[in-house]
**Student:** 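Have a look at this one before I ask anything.
Every chain is numbered from 1 and lettered A, B, ... according to where its sequence line falls, protein lines coming before strand lines. Excluded from the calculations below are hydrogen atoms, water molecules and symmetry mates; all remaining heavy atoms, backbone and side chain alike, are included. Predicted model, so just to flag it, every value in this text is computed and none were measured.
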Amino acid sequence: MRKGSSLKDRLEARLAAALVAAGAPEGTPAIVQPATRAGFGDYQANGAMGAAKRMQRNPRELAQAALAAAALDDMVSHAEIAGPGFINLTLSDACLAAELEAFAANVIAPQPVTEAAAPVVVDYSSPNLAKEMHVGHLRSTIIGDAMARVLEHTGHAVLRQNHVGDWGTQFGMLLTFMAELASDPDKVPDKQPDEHKVALEHELADIETFYRNAKERFDADAAFAQRARDTVVRLQAGDADCLARWQQFIDISMRHCEAVYSRLGVGLDRSHVHAESAYNDDLPAVVDDLEAAGLLVESEGARCVFLDEFKGKDDQPLPLIIQKRDGGYLYATTDLAAIRYRCGQLGAERILYFVDNRQTLHFRQVFAVARAAGFAPAHVELEHMPFGTMLGEDGRPFRTRAGGVIRLTDLLDEAEERAFALVSEKNPELDETERREIARVVGIGAVKYADLSKHRNSDYVFAWDSMLSFDGNTAPYLQYAYSRVQSLFRRAEVDPAAFDAPISLQAEAERTLALQLLRLPETLATVARDGVPHLLCSHLFDIAVAFMAFYEQCPVLSAADTATRESRLALAQRTSAALHTGLGLLGIGIVERM
RNA sequence: GGGCGUGUAGCUCAGUUGGAUAGAGCAUUCGGCUACGAACCGAAAGGUCGGGGGUUCGAAUCCUCCCACGCCCGCCA
């Protein structure tokens, strides 16, 4: 049995083969899925109906023939044809017990990277270093990070790529403002009188404010604006002075990001940064390649690629601008260079972009051009994994009353504060240090889960209360379930990591829990394929609900006999491992008590 | 004007290549702590799946037309 293969996959493979054996065309899927209702067993196969229709055969007969040919006796204790041709399957207790036996190896342990697997590149977070990270960066950062973990767990070599913006036009403005402050500290805007002559380093401690002040200068002073534009040119031409100041700014801004990543428990560090500027030297080569491929066209002074499949207003051809009239490059050029690098140097077989859905058209164009230019060979999958825009509670694109954004730091502070108040109320007997630590894990977890648990493609409304909710389908519920299992082990005085015992499923609640646990691999496979971690959230929630029901109905420590007690402890142990692993893949922490 | 996306319970959202009686959480109502931790559990109530038409054994899901909202459509990223 292959590690990580799900029960569903195995049933699917056997029934699909059986359908073919029963006369269906090669490649006919069995369409196995969890049963839609309890009375229908554990899994159902719906493929016979569609196949029979195409073959003009009686669907129930085909289903019956397939079921016989599949010979599922080793897995299934009861099977029947229902309705127009559903195949309803009930897994045998022996099968469930055997699966639970191998749980640690098949489900919990990461799948080894097999074959000569080419790496999957995950492009996520990618903040613009000109500004401070704000709540709008949560989705890309958190979802991308969870996906990187899930892909690794399911046996892929993953290369995280943080394509930070460090080379855009705004840097001219920022560097000019920096130079001005360095030479004349009196120009520091007097937001507060005592900040009048602060050092540059101190000023840069709040990048968001720094950016706003620079922008104000830019908008108000034409001479300043011109100097800013000149600075961009000098920077991109490699002027040593500009580069030094740029480096200083980038370092400070990167440190801000790293602080946020660290608080969020996001697995990004400097080794994953491959900034826009890193492609600077490649850009002329990208242009040359496009030229050589005969794709470049000059239009209104700019060099563009026009592809037939993209039309703009009035059916006019839609350009992808590669090089501006003034010779400057744009983000399309950098994105093409990145694809060229990731395919050519990194040898990627799949590249995932966790980027705002407003860039959908941009990526469709860039991908198409990358194919046409040969930067991305046909076997490489380029996938934009778009996510929704953050809206305010009025349904308009999000802003604070001051027209700004909410800094991630402030959101996380608020989350921890609320969690601390809650844990202090629920468990005042814990000492403050422990309550602080619990508040940190619970608060951050709640924020992350709020983002992870929704389908990434829908817009979402920024609201403190829903983001910091601790009730219902939230991270704290899952963390609570985990801490309850741990409590069981503390009382039983056994180490869950070392404990094991034969499992025998008697009560209905035990069987339900077992099935939920064993479905984890099929969920992980879907998440890895489609980039949808919300399915993992909802599955972990199902596991937690099943555990809570089991916990209510099935006494563990005071079970009637030792065998039952140990069997239930073993089931609890699987639950603990599943929650630990699942939350870990989501990047959400756990606590032993809360 | 064209393209992309969204529209499901009062609110926030699930719904996996079309499957059987559309599911959760919150809120509401009712019940459960001398109990392996009540951040919990059980139950009830709540739906013309934006609207019309079509495809078929079967549609929230596929096709078509319409409505509402959001985003994108040449030198920002």
Side-chain angles (χ1 to χ4, degrees), chain A residues 29 31 33-37 39-40 44 46-47 49-50 52-53 59 82-86 88 126 128 130 165 167-170 276 299-304 310-316 318-326 328-332 334-335 356-362 364 386 388-389 391 395-397 422-423 425-427 442 450 453-455 457-461 463 465-466 469-474 476-477 479-481 483-484 487-488 490-492 522-523 526 529-530 532 534-535 537-538 541-542 545 548-549 551-559 568 572 593-594:
Chain A
I31 312 187
Q33 45 183 248
T36 50
R37 294 230 316 269
F40 298 154
Q44 62 183 59
N46 304 334
M49 291 175 283
K53 184 201 264 185
F86 296 101
N88 290 342
S126 306
N128 186 338
W167 207 239
T169 322
Q170 325 92 311
E276 283 185 327
S299 170
E300 298 174 34
R303 306 177 86 183
C304 310
F310 299 103
K311 300 287 186 194
K313 285 182 181 132
D314 305 322
D315 225 29
Q316 292 299 302
L318 190 65
L320 183 68
I321 301 180
I322 303 298
Q323 195 167 20
K324 296 192 284 185
R325 192 179 330 174
D326 66 5
Y329 301 104
L330 293 102
Y331 73 135
T334 313
D335 281 338
D356 194 315
N357 64 18
R358 283 174 295 195
Q359 296 198 30
T360 300
L361 175 62
H362 165 74
R364 280 182 49 217
T389 310
L391 306 175
R396 309 282 310 158
L422 184 65
V423 69
E425 174 201 325
K426 300 281 186 189
N427 281 313
V442 169
S453 59
K454 291 175 183 57
H455 193 294
N457 203 26
S458 48
D459 288 348
Y460 63 115
V461 175
D465 286 339
S466 60
S469 166
F470 300 132
D471 296 322
N473 183 6
T474 61
Y477 179 86
Q479 291 164 326
Y480 177 70
S483 74
R484 293 289 294 272
S487 166
L488 217 39
R490 276 197 301 276
R491 285 187 158 265
E522 57 194 69
T523 297
T526 306
R529 188 192 63 208
D530 297 337
V532 283
H534 76 284
L535 292 185
C537 293
S538 92
F541 180 68
D542 289 342
V545 167
M548 286 298 185
Y551 185 86
E552 291 284 326
Q553 294 166 34
C554 304
V556 178
L557 302 180
S558 58
R568 289 177 176 170
R593 295 187 293 187
M594 63 186 276

**Student:** By nearest nucleotide on RNA chain B, pick out whichever of Tyr329(A) and Asn427(A) is the more 5' one.
**Tutor:** Asn427(A)
**Student:** Within the structure shown, what part of the strands sits under 4.0 Å from Ser469(A) by heavy-atom distance: base, sugar-phosphate, or nothing?
**Tutor:**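 Nothing, no heavy atom under 4.0 Å.
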**Student:** Could you check whether Ser483(A) gets within reach of a base, just the sugar-phosphate, or nothing at all, counting any heavy atom under 4.0 Å?
**Tutor:** base
**Student:** Under 3.5 Å, side chain of Asp459(A) to main-chain N/O of Thr389(A), donor-acceptor pair present?
**Tutor:** yes
**Student:** When we call it a touch if two heavy atoms are under 4.0 Å apart, what does Ile321(A) touch: a base, just sugar-phosphate, or nothing?
**Tutor:**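 Base: the residue Ile321(A), judged by heavy atoms under 4.0 Å, touches a nucleobase.
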**Student:** Ignoring hydrogens and geometry, is there a side-chain-to-backbone donor-acceptor pair from Glu276(A) to Thr334(A) under 3.5 Å?
**Tutor:**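 Checked: no pair found.
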**Student:** At under 4.0 Å between heavy atoms, how does the protein contact nucleotides 13-22 of chain B? Give one character per nucleotide, 5' to 3', with B, S or -.
**Tutor:** SSSSBBBBB-
**Student:** In Watson-Crick or G-U wobble terms, both distances under 3.5 Å, what is the partner of rA60(B)?
**Tutor:**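 Pair assignment: rA60(B) / none.
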**Student:** Tyr551(A) near the nucleic acid: base, sugar-phosphate alone, or nothing, with a heavy-atom cut-off under 4.0 Å?
**Tutor:**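 Base contact.
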**Student:** Using the P atom on both, measure rG58(B) against rU21(B) and round to a whole Å.
**Tutor:** 13 Å
**Student:** Hey, what do you get for SG (Cys304(A)) to CG (Leu320(A)), rounding to the nearest 0.5 Å?
**Tutor:** 8.0 Å
**Student:** Sticking with atom P, work out how far rG50(B) lies from rA59(B), rounded to a whole angstrom.
**Tutor:**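 My reading of the P atoms in rG50(B) and rA59(B) gives 15 Å.
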**Student:** Hey, does Cys537(A) reach any base, or is it just sugar-phosphate, or nothing, if we go heavy atoms under 4.0 Å?
**Tutor:**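 Cys537(A): no heavy atom of the nucleic acid under 4.0 Å.
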**Student:** Between Ser558(A) (side chain) and Pro555(A) (backbone), is there a donor-acceptor pair under 3.5 Å?
**Tutor:** no
**Student:** For the residue pair Arg593(A) and Arg490(A), what are the closest heavy atoms and their distance?
**Tutor:**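 Result for this residue pair: CG-NH2, 3.2 Å.
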**Student:** Could you work out which one of rG25(B), rC71(B), rG37(B) sits closest to the side chain of Ser487(A)?
**Tutor:** rG37(B)
**Student:** Using atom C1' in both nucleotides, what's the gap between rG51(B) and rG46(B) to the nearest angstrom?
**Tutor:** 23 Å
**Student:** What is the base-pairing partner of rU55(B), counting Watson-Crick and G-U wobble geometry with both distances under 3.5 Å?
**Tutor:** none
**Student:** On a whole-Å scale, what distance lies between the C1' atoms belonging to rA14(B) and rG53(B)?
**Tutor:** 28 Å
**Student:** Find the partner of rC26(B): check Watson-Crick (N1-N3 plus N6-O4 or O6-N4) and G-U wobble (N1-O2, O6-N3) distances, both under 3.5 Å, and reply none if neither fits.
**Tutor:**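 Partner of rC26(B): rG10(B).
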**Student:** For atom P, what is the distance between rC33(B) and rG42(B), given to the nearest Å?
**Tutor:** 16 Å
**Student:** State the syn/anti category of rG58(B) according to its glycosidic angle, syn meaning within 90° of 0.
**Tutor:** anti
**Student:** Taking CD from Glu552(A) and P from rA39(B), how many angstroms apart are they, rounded to a whole number?
**Tutor:** 12 Å
**Student:** Hey, what do you get for CE (Met594(A)) to CZ (Phe470(A)), rounding to the nearest 0.5 Å?
**Tutor:**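 Between Met594(A) CE and Phe470(A) CZ, I get 9.0 Å after rounding to 0.5 Å.
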**Student:** Please determine, for rU16(B), whether a Watson-Crick or G-U wobble partner exists with both distances under 3.5 Å, and give it or none.
**Tutor:**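 The base-pairing partner of rU16(B), which may sit in any strand shown, does not exist here.
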**Student:** Between Leu318(A) and Arg593(A), which has a closest nucleotide on RNA chain B that is more 5'?
**Tutor:** Arg593(A)
**Student:** Applying the Watson-Crick and G-U wobble criteria at under 3.5 Å, what pairs with rG1(B)? Answer none if nothing qualifies.
**Tutor:**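 WC or wobble partner is rC73(B).
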**Student:** Looking across every strand, which nucleic acid part, if any, lies under 4.0 Å from Leu422(A) by heavy atom: base, sugar-phosphate, or nothing?
**Tutor:**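 Base contact.
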**Student:** Quantified in whole Å, what is the P atom distance between nucleotide rU17(B) and nucleotide rC62(B)?
**Tutor:** 9 Å
**Student:** Counting only side-chain N and O atoms of Arg491(A), is one of them less than 4.0 Å from OP1 or OP2 of rG37(B)?
**Tutor:** yes
**Student:** Tell me which nucleotide, if any, is Watson-Crick or G-U wobble paired with rU48(B) when both distances must be under 3.5 Å.
**Tutor:** none
**Student:** When the distance from CD of Gln479(A) to C1' of rA39(B) is rounded to whole Å, what number comes out?
**Tutor:**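 Rounded to the whole Å, the gap is 11 Å.
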**Student:** Between rC75(B) and Tyr331(A), is there an OP1 or OP2 to side-chain N/O distance shorter than 4.0 Å?
**Tutor:**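 Result: no.
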**Student:** Hey, does the side chain of Arg484(A) come within less than 4.0 Å of rA38(B)'s phosphate (OP1/OP2), counting only N and O?
**Tutor:**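 For rA38(B), OP1 or OP2 has a side-chain N or O of Arg484(A) closer than 4.0 Å.
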**Student:** Using purine N1 to pyrimidine N3 plus N6-O4 or O6-N4 for Watson-Crick, or N1-O2 and O6-N3 for G-U wobble, both under 3.5 Å, which nucleotide pairs with rA38(B)?
**Tutor:**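 Base partner found: none.
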**Student:** To the nearest 0.5 Å, how far apart are CZ in Phe86(A) and CD1 in Ile31(A)?
**Tutor:**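 Result: 11.0 Å between the selected atoms.
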**Student:** On a whole-Å scale, what distance lies between the P atoms belonging to rC11(B) and rG47(B)?
**Tutor:**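 Approximately 12 Å lies between the P atom of rC11(B) and that of rG47(B).
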**Student:** Once rounded to the nearest 0.5 Å, what's the spacing between atom CG of Leu318(A) and atom CZ of Arg364(A)?
**Tutor:** 9.5 Å
**Student:** Between atom CD of Gln170(A) and atom CG of Asn128(A), what is the distance when rounded to the nearest 0.5 Å?
**Tutor:** 4.5 Å
**Student:** In whole Å, what separates the P atom of rC63(B) from that of rU6(B)?
**Tutor:**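 Straight-line distance between the two P atoms is 12 Å.
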**Student:** Heavy atoms only, 4.0 Å cut-off, all strands: where does Val545(A) land among base, sugar-phosphate and nothing?
**Tutor:** nothing
**Student:** Looking across every strand, which nucleic acid part, if any, lies under 4.0 Å from Leu488(A) by heavy atom: base, sugar-phosphate, or nothing?
**Tutor:**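 Result for Leu488(A) = base.
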**Student:** Just verifying a value: how many Å separate His362(A) NE2 and Asp356(A) CG, rounded to the nearest 0.5 Å?
**Tutor:** 11.5 Å
